[in-house]
Amino acid sequence: MADIDGTLTDMRRQVSTDAIAAIRSLPVPVVLASGNVICFMRAASKLIGASEAMIAETGGVIQVGYDAKPSVLADIEECRRAAALLLKEFPGLEQLDARYRMSELAFRRNVDLEKARALLAKYYPDLEIIDTKFALHLKHRSVNKGTGLVEVARLMGLRPEEFAAVGDSANDIHMFNAAGMGLAVGNATPEIKEAADYVAERPYGEGAAEALYWLARRL
Ligand SMILES: O=C(O)COP(=O)(O)O
Ligand SMILES: [Mg+2]
């Protein structure tokens, strides 16, 4: 399982050719797991050479098979109602690729996160806001990359513990917990490094390649 932004990419979201080469060299399928929308994931998986199983919208959407129908695992309507409240309270808040989202909503990181979280806790306790360092995600607490991994593993006929996960930030913690092994890139947050079995010395895609080659030596 590989996170995309901040793990295979740099902060400009440009993918690392080192990370792509490492993914293609692995003798096991690589499932991309991201906060990105499913149409982006489908194209990214194909171009990178990852498997046909994908986790999008931080576990809210999964798809196994490029031409399969995506499974939407959380109801976006409650997120829409909460977003209307947040947009009223924080007029500068900017939504990201709203048209393509099916289970959660994403925003640019230009809001007072603590105030937004306090408002959400009061009116929408089943929702949370996750900061990935690339975007804020307004999502159901019931789904995450860990629940996505459990479901994708089931569909692939594998156990979640048979997976290793590589990631960088807050929305990767549940997949670290569900997978058998967690690998952090050098730029990962302290929380992710703490939860990892291996912490790469190098950051971003170079760190992902380093971690994946370390993993390959143990397969
Ligand atoms: O969509 C984001 O904000 C981050 O995406 P990621 O899960 O690939 O890091
Ligand atoms: Mg990331």
Side-chain angles (χ1 to χ4, degrees), residues 1-16 19-20 23 30-45 47-48 50-51 53-63 73-74 76 79 83 93-111 113 116 128-140 143-149 152 163-179 182-193 195-196 199-200 202-209 211-212:
M1 303 264 302
D3 170 60
I4 298 181
D5 291 321
T7 300
L8 305 183
T9 79
D10 59 19
M11 286 309 284
R12 291 182 302 161
R13 302 186 71 208
Q14 296 194 346
V15 70
S16 148
I20 293 176
I23 285 175
V30 174
V31 175
L32 297 183
S34 174
N36 281 284
V37 295
I38 194 69
C39 51
F40 174 96
M41 301 290 300
R42 187 176 177 278
S45 288
L47 291 170
I48 288 170
S51 82
M54 297 158 271
I55 297 173
E57 299 190 22
T58 308
V61 179
I62 61 162
Q63 185 172 329
L73 304 172
I76 199 169
C79 295
L93 195 57
E94 242 180 288
Q95 266 187 266
L96 300 171
D97 43 47
R99 180 188 315 178
Y100 303 105
R101 293 201 168 263
M102 297 193 277
S103 73
E104 59 151 50
L105 294 170
F107 301 88
R108 215 174 285 292
R109 298 170 73 231
N110 58 356
V111 69
L113 192 52
E128 63 181 345
I129 300 174
I130 301 285
D131 181 5
T132 65
K133 305 279 177 220
F134 288 84
L136 301 178
H137 295 257
L138 171 60
K139 59 178 282 299
H140 277 269
V143 291
N144 52 60
K145 291 186 188 179
T147 59
L149 167 56
V152 162
F163 284 80
V166 56
D168 73 309
S169 82
N171 71 341
D172 298 317
I173 193 73
H174 293 97
M175 76 170 173
F176 270 41
N177 295 337
L183 314 170
V185 284
N187 55 292
T189 60
E191 180 199 23
I192 287 292
K193 286 185 175 172
V199 179
R202 284 170 287 178
Y204 305 108
E206 284 180 19
L212 293 175

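Every number for a ligand or one of its atoms is a count from 1 in the order of the listing.
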Trainee: Give the contacting part of His137 toward ligand 1: side chain, backbone, both or neither, where contact means a heavy-atom distance below 4.0 Å.
Mentor: side chain

Trainee: Who's the nearest protein heavy-atom neighbour of atom 8 (O) of ligand 1, and how far?
Mentor: Ser34 OG, 2.7 Å

Trainee: Any N or O on Gly35 sitting closer than 3.5 Å to an N or O of ligand 1?
Mentor: yes

Trainee: Name the closest protein heavy atom to atom 5 (O) of ligand 1, giving the residue it belongs to and the distance to 0.1 Å.
Mentor: Asp5 OD2, 3.2 Å

Trainee: Determine, stepwise, if the pair His137 / Arg101 fulfils side chain to side chain contact (heavy atoms under 4.5 Å, CB included).
Mentor: CA-CA 11 Å; His137 295 257; Arg101 293 201 168 263; 4.1 Å; yes

Trainee: Counting heavy atoms not belonging to Arg108, are there more than 12 under 6.0 Å from its CZ?
Mentor: no

Trainee: Using heavy atoms and a threshold below 4.0 Å, how should the contact between Lys145 and ligand 1 be classified: side chain, backbone, both, or neither?
Mentor: side chain

Trainee: Determine the minimum heavy-atom distance between Ala200 and Gly207, stating which atoms define it.
Mentor: CB-O, 3.4 Å

Trainee: Restricting to non-hydrogen atoms, name the atom on Met175 and the atom on Ala33 that form the minimum distance, rounded to 0.1 Å.
Mentor: SD-CB, 4.0 Å

Trainee: Among Thr132, Asp3, Asp168, Ile4, which one puts a heavy atom closest to atom 6 (P) of ligand 1?
Mentor: Asp3

Trainee: With heavy atoms under 4.0 Å as the rule, classify the contact between Thr7 and ligand 1 as side chain, backbone, both or neither.
Mentor: neither

Trainee: Between Leu136 and Val111, is a side chain to side chain contact (heavy atoms under 4.5 Å, CB included) present by the stated rule, with each step listed?
Mentor: CA-CA 9 Å; Leu136 301 178; Val111 69; 3.3 Å; yes

Trainee: Could you go through the salt bridge (charged side-chain N to carboxylate O under 4.0 Å, His left out) check for Asp3 and Lys145 one step at a time?
Mentor: CA-CA 9 Å; Asp3 170 60; Lys145 291 186 188 179; 2.8 Å; yes

Trainee: Looking at Asn110, is its backbone amide N or carbonyl O close enough to the side chain of Glu94 to form a donor-acceptor pair, meaning the two atoms are under 3.5 Å apart?
Mentor: no

Trainee: Which atoms of ligand 1 sit under 4.0 Å from any heavy atom of Ala135?
Mentor: 3 (O)

Trainee: I need the atoms of ligand 1 closer than 4.0 Å to a non-hydrogen atom of Asn36, numbered in the order shown.
Mentor: 1 (O), 5 (O), 8 (O)

Trainee: Of all the atoms in ligand 1, which lie at a distance below 4.0 Å from a heavy atom belonging to Asn171?
Mentor: 7 (O)

Trainee: Looking only at N, O or S atoms, which one in Asp3 sits nearest to the Mg ion (ligand 2)?
Mentor: OD2

Trainee: Which value, rounded to 10°, describes the O(Asp5)-the Mg ion (ligand 2)-OD1(Asp168) angle?
Mentor: 90°

Trainee: How close do Ile55 and Leu149 get, heavy atom to heavy atom, and via which atoms?
Mentor: CD1-N, 3.5 Å

Trainee: I'd like to know if the side chain of Lys193 reaches the main chain of Asn187, judged simply by a donor and an acceptor atom lying under 3.5 Å from each other, with no hydrogens or angles considered.
Mentor: no

Trainee: If I take every N, O or S atom of Asp172, is at least one of them less than 2.8 Å from the Mg ion (ligand 2)?
Mentor: no

